[in-house]
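Notes for the one structure printed next.
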Number of protein chains: 2
Amino acid sequence: MKTTFGEYIRLLRNENELTLTQLAAKLNLDSANLSKIENGKRDFDEKRLPKLAKIFKLNLTELRNEYVTDQIGKHIYETNCTKQLLQVAEEKAEYRRTLNKSLQTQ
Amino acid sequence: MKTTFGEYIRLLRNENELTLTQLAAKLNLDSANLSKIENGKRDFDEKRLPKLAKIFKLNLTELRNEYVTDQIGKHIYETNCTKQLLQVAEEKAEYRRTLNKSLQTQ
DNA sequence: TTAGATTTGTCAAAAAATGACAAGTCTTAT
DNA sequence: ATAAGACTTGTCATTTTTTGACAAATCTAA
């Protein structure tokens, strides 16, 4: 089952038997804010991904994938984007890639 | 072929033979900023969608779909999200929907 | 060249995200 | 029951990001 990024952090934290305060300290943030992150009331700041990976000995690329898919999933959810529209969005992303390619050739 | 939202606005503007200055005035913004929007250097502010729909007699829901798919497409592009990861993101969106549903039953 | 159209650079203002603190609730051990 | 620690929530100042406006530049066609 897929989880939100916040739930994922909580899972990691519990597996490693850390309190909010302990993990927050390692991440250089307030336990209150970490609580909000775990509960989906705030976003985890992307700049802390390397630190998070290090703390739990995770592969940074994979962790970033977790993060990105969470963010885009949230975007899809918040905009009520249907599967059909998501297909269109994917095509538009592809279009941007071709735009970028043709820029580079010049 | 899919286009960016900025290119779409430019298309509409040209079809209707308006200058940047003319359309910008109808949208209550500066022609310089509209230029940046059309050229993908700024985002169109979502709050102007109703006005844009009215100016060009477009269905607001469809226009919003154009907008949303552009935004998500941009997000996909900027994060280098592959098709495989996008599938994961979609599953996470679905998960958020179930979360929301179970909240509502309580 | 000149006029109008468009683009670019810059900066202040507005809006959104973040961090921190205080005070609250919940849980568990005694 | 209550004390301690864990967690949650509300609020606000700070920081960051986005937006709007103006001035100056470039481009284009007569």
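Naming convention: chains lettered A, B, ... in sequence-line order (proteins, then strands); numbering from 1 in each chain. Just the heavy atoms: all of them, side chains too, but no hydrogens, waters or symmetry mates, feed the values below.
To the nearest angstrom, P of D/dC7 lies 14 Å from CD1 of A/Ile37. Between B/Arg42 atom CZ and C/dT8 atom P the separation is 13 Å, expressed in whole Å. We find that CG of B/Leu27 is positioned 16 Å from C1' of D/dA21, with the value rounded to whole Å. Rounding to whole angstrom units, CG of residue A/Asp43 and C1' of D/dT16 are separated by 14 Å. The distance between atom CG of B/Leu29 and atom P of C/dT6, rounded to the nearest whole Å, is 14 Å. Rounded to whole angstrom, the span from the CG atom of A/Asp45 across to the P atom of C/dT18 amounts to 5 Å. Spacing between atom CD of A/Glu38 and atom C1' of D/dA6 amounts to 12 Å, rounded to whole angstrom units.
Within 3.5 Å, a donor on the side chain of A/Asn33 pairs with an acceptor on the base of C/dA20, or the reverse.
A salt bridge between A/Glu66 and B/Lys92 is present, with a side-chain N of the basic residue lying under 4.0 Å from a carboxylate O of the acidic one. Between A/Asp70 and A/Arg64 there is no salt bridge, since no side-chain N of the basic residue sits under 4.0 Å from a carboxylate O of the acidic one. In this structure, B/Arg10 does not pair ionically with B/Glu7, as no charged nitrogen and carboxylate oxygen lie closer than 4.0 Å.
One end of the helix from C/dT1-D/dA30 to C/dT30-D/dA1 points its axis 30° away from the other end's axis, with each axis taken from 5 pairs and the angle rounded to 10°.
Side-chain contact between B/Thr3 and B/Leu11: absent, with no pair of heavy atoms (C-beta onward) separated by less than 4.5 Å.
For the OP1/OP2 pair of C/dA5 and a distance below 4.0 Å, the side-chain nitrogens and oxygens of B/Arg13 include no atom meeting the criterion. Residue A/Lys41 places none of its side-chain N or O atoms closer than 4.0 Å to OP1 or OP2 of D/dT11. The phosphate of C/dT7 (OP1 or OP2) has a side-chain N or O of B/Asn39 nearer than 4.0 angstrom.
Between the side chain of A/Arg48 and the backbone N or O of A/Asn28 there is at least one donor-acceptor pair closer than 3.5 Å. Checked by atom type and distance alone, the side chain of B/Glu78 never pairs as donor or acceptor with a backbone atom of B/His75 at under 3.5 Å.
Checking D/dT8, D/dA21, C/dT7 against every side-chain atom of B/Ser35, the shortest atom distance belongs to C/dT7. Residue A/Arg10 places its side chain closer to D/dC7 than to any other of C/dG19, D/dC7, D/dC22.
Note that NZ of B/Lys54 and CG of B/Leu49 are 14.5 Å apart. Values are rounded to the nearest 0.5 Å. In this structure, NZ in A/Lys74 is found 12.5 Å from CZ in A/Phe5, a value given to the nearest 0.5 Å.
Base engagement by B/Lys36 is indicated by at least one non-hydrogen atom pair under 4.0 Å involving a base atom.
Looking at A/Glu91, A/Glu90, A/Lys83, A/Gln84 one by one, the single match for side-chain hydrogen bond (donor to acceptor under 3.5 Å, both in side chains) with A/Gln87 turns out to be A/Glu91.
Residues from residues 16-26 of chain A that place a heavy atom under 4.0 Å from any atom of DNA chain D, listed by number: A/Thr19, A/Leu20.
Along DNA chain C, the nucleotide nearest to A/Arg48 and the one nearest to B/Asn14 differ in position, and the one closer to the 5' end is contacted by B/Asn14. The residue among B/Asp30 and A/Asn28 whose nearest nucleotide of DNA chain C is located toward the 5' end is B/Asp30.
Within a 6.0 Å radius of CD in B/Glu17, no more than 12 heavy atoms belonging to other residues, nucleotides or ligands are found.
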